[in-house]
Amino acid sequence: MNTLSYKTVSANSATVNKEWVLVDADGQTLGRLASKVAKLIRGKYKPNFTPHVDCGDNVVIINAEKITLTGKKWTDKSYIRHTGYPGGQRSLTATEMFEKDPTRLIEKAVKGMLPKNILGAALYRNLYVYAGGEHKHAGQEPKAINLNDLK
């Protein structure tokens, strides 16, 4: 007779249930939105969460140009990159990056909250960010959710 009355169930790519989720970024704070979206992409809100498996949802974010930042982050927050050449360090403020492409603010914030490994790169491909209210994923019928209801 088996002494354990339960077994730990690990999800795998065959048993995982991936859904499409629509998130409206209108009036949301960047960091709070990004942390909840990263949890959705990772699958942490699901009861069968498994750390080494992509068991999260595909997330579509619309209205990225209506995101807000608190305090003086529009001018003080800087995004630093390096060209690879000597003296090639470049930086942009949040305002400059927002003017170039408002979707990059959300993409960089969410990517920084995902694991820094091969799984994190695969999870990042489940994120779709659009500046306006239109998106091209209507065929997948994404379910609109309110991020304020999530913990």
Side-chain angles (χ1 to χ4, degrees), residues 10-13 16-151:
S10 287
N12 59 29
S13 58
V16 78
N17 181 21
K18 294 180 73 70
E19 298 174 353
W20 284 81
V21 176
L22 179 68
V23 174
D24 191 359
D26 188 7
Q28 297 282 335
T29 306
L30 177 63
R32 294 170 193 270
L33 169 98
S35 64
K36 290 180 182 178
V37 167
K39 278 185 177 181
L40 281 170
I41 291 173
R42 189 90 198 276
K44 288 212 165 187
Y45 288 113
K46 294 189 175 185
N48 62 346
F49 169 70
T50 307
H52 62 278
V53 177
D54 177 7
C55 54
D57 297 329
N58 296 299
V59 179
V60 179
I61 301 177
I62 57 172
N63 292 323
E65 81 266 351
K66 297 180 183 175
I67 199 82
T68 61
L69 269 72
T70 58
K72 296 192 284 183
K73 290 191 188 89
W74 283 115
T75 55
D76 291 353
K77 185 171 179 63
S78 65
Y79 293 91
I80 299 172
R81 62 185 177 88
H82 200 281
T83 63
Y85 290 97
Q89 183 170 319
R90 306 285 186 259
S91 69
L92 290 172
T93 64
T95 306
E96 293 168 342
M97 185 177 282
F98 185 80
E99 288 168 358
K100 279 188 172 185
D101 187 10
T103 62
R104 281 178 44 202
L105 277 180
I106 295 177
E107 288 172 351
K108 285 183 75 66
V110 172
K111 187 172 186 174
M113 295 179 186
L114 292 174
K116 278 64 170 180
N117 54 24
I118 295 171
L119 177 63
L123 291 171
Y124 180 65
R125 292 186 206 110
N126 296 332
L127 176 68
Y128 305 91
V129 184
Y130 298 98
E134 299 294 318
H135 63 89
K136 59 182 181 181
H137 301 284
Q140 283 76 23
E141 298 175 1
K143 180 179 69 172
I145 63 165
N146 185 4
L147 285 183
N148 298 328
D149 296 340
L150 298 175
K151 212 170 185 185

Inter-residue atom distance Asn126.CG - Asp57.CG, 0.5 Å rounding: 9.0 Å
side-chain contact (heavy atoms from CB on, under 4.5 Å) evaluation trace for His137 with Tyr128: CA-CA 9 Å; His137 301 284; Tyr128 305 91; 3.5 Å; yes
Exam field: side chain Thr68 to backbone Gln28, donor-acceptor pair closer than 3.5 Å: yes
Verdict with supporting geometry, Val59 and Val23, side-chain contact (heavy atoms from CB on, under 4.5 Å): CA-CA 7 Å; Val59 179; Val23 174; 4.0 Å; yes
Any donor-acceptor N/O pair, Asn63 side chain to Lys66 backbone, under 3.5 Å: no
From CG (Leu30) to OG (Ser35), nearest 0.5 Å: 9.5 Å
Residue pair Leu33, Ile67: steps toward the side-chain contact (heavy atoms from CB on, under 4.5 Å) verdict: CA-CA 9 Å; Leu33 169 98; Ile67 199 82; 3.7 Å; yes
Pairing residues for Lys143 by the side-chain contact (heavy atoms from CB on, under 4.5 Å) criterion, not counting sequence neighbours: Glu19, Ile145
For Ile80, side-chain contact (heavy atoms from CB on, under 4.5 Å) partners two or more places apart: Ser78, Gln89, Ser91
Heavy-atom closest pair, residues Val129 and Ala64: CG1-CB, 3.8 Å
All salt bridge (charged side-chain N to carboxylate O under 4.0 Å, His left out) counterparts of Lys77, not counting sequence neighbours: none
Atom NZ of Lys18: over 12 foreign heavy atoms under 6.0 Å: yes
Separation between OG1 of Thr95 and NZ of Lys73, rounded to the nearest 0.5 Å: 12.5 Å
Arg42 vs Asp54, salt bridge (Lys or Arg N to Asp or Glu O under 4.0 Å): CA-CA, chis, key distance, verdict: CA-CA 7 Å; Arg42 189 90 198 276; Asp54 177 7; over 6 Å; no
Close side-chain approach of Thr103 and Tyr130, heavy atoms under 4.5 Å: no
Shortest non-hydrogen contact from Thr93 toward Thr75: CG2-O, 3.6 Å
side-chain contact (heavy atoms from CB on, under 4.5 Å) evaluation trace for Leu119 with Leu114: CA-CA 9 Å; Leu119 177 63; Leu114 292 174; over 6 Å; no
Separation of Leu147 CG from Ile61 CD1 (nearest 0.5 Å): 8.0 Å
CD on Glu99 to CG on Leu92, rounded to 0.5 Å: 10.5 Å
Side chain to side chain, Met113 and Lys39, heavy atoms closer than 4.5 Å: no
Reported CG-to-CG distance for the pair Leu22 and Asn58, which is rounded to 0.5 angstrom: 12.5 Å
Lys46 side chain vs Leu40 backbone, donor-acceptor pair below 3.5 Å: no
Where at least one partner belongs to residues 48-94, residue pairs that pass ring pair (Phe, Tyr, Trp, His ring centres under 6.0 Å), sequence neighbours excluded: Trp74-Phe98
Residues which pass side-chain contact (heavy atoms from CB on, under 4.5 Å) with Asp76, listed by chain and number, not counting sequence neighbours: Lys72
Tyr45 (side chain) donor-acceptor with Lys151 (main chain) under 3.5 angstrom: yes
For the student: nearest non-hydrogen atoms of Ala11 and Val53, plus distance: O-CG2, 3.2 Å
Exercise: identify the closest heavy-atom pair between Gly133 and Ile62: O-CD1, 3.9 Å
Salt bridge (charged side-chain N to carboxylate O under 4.0 Å, His left out) against Asp24, all qualifying residues, sequence neighbours excluded: none
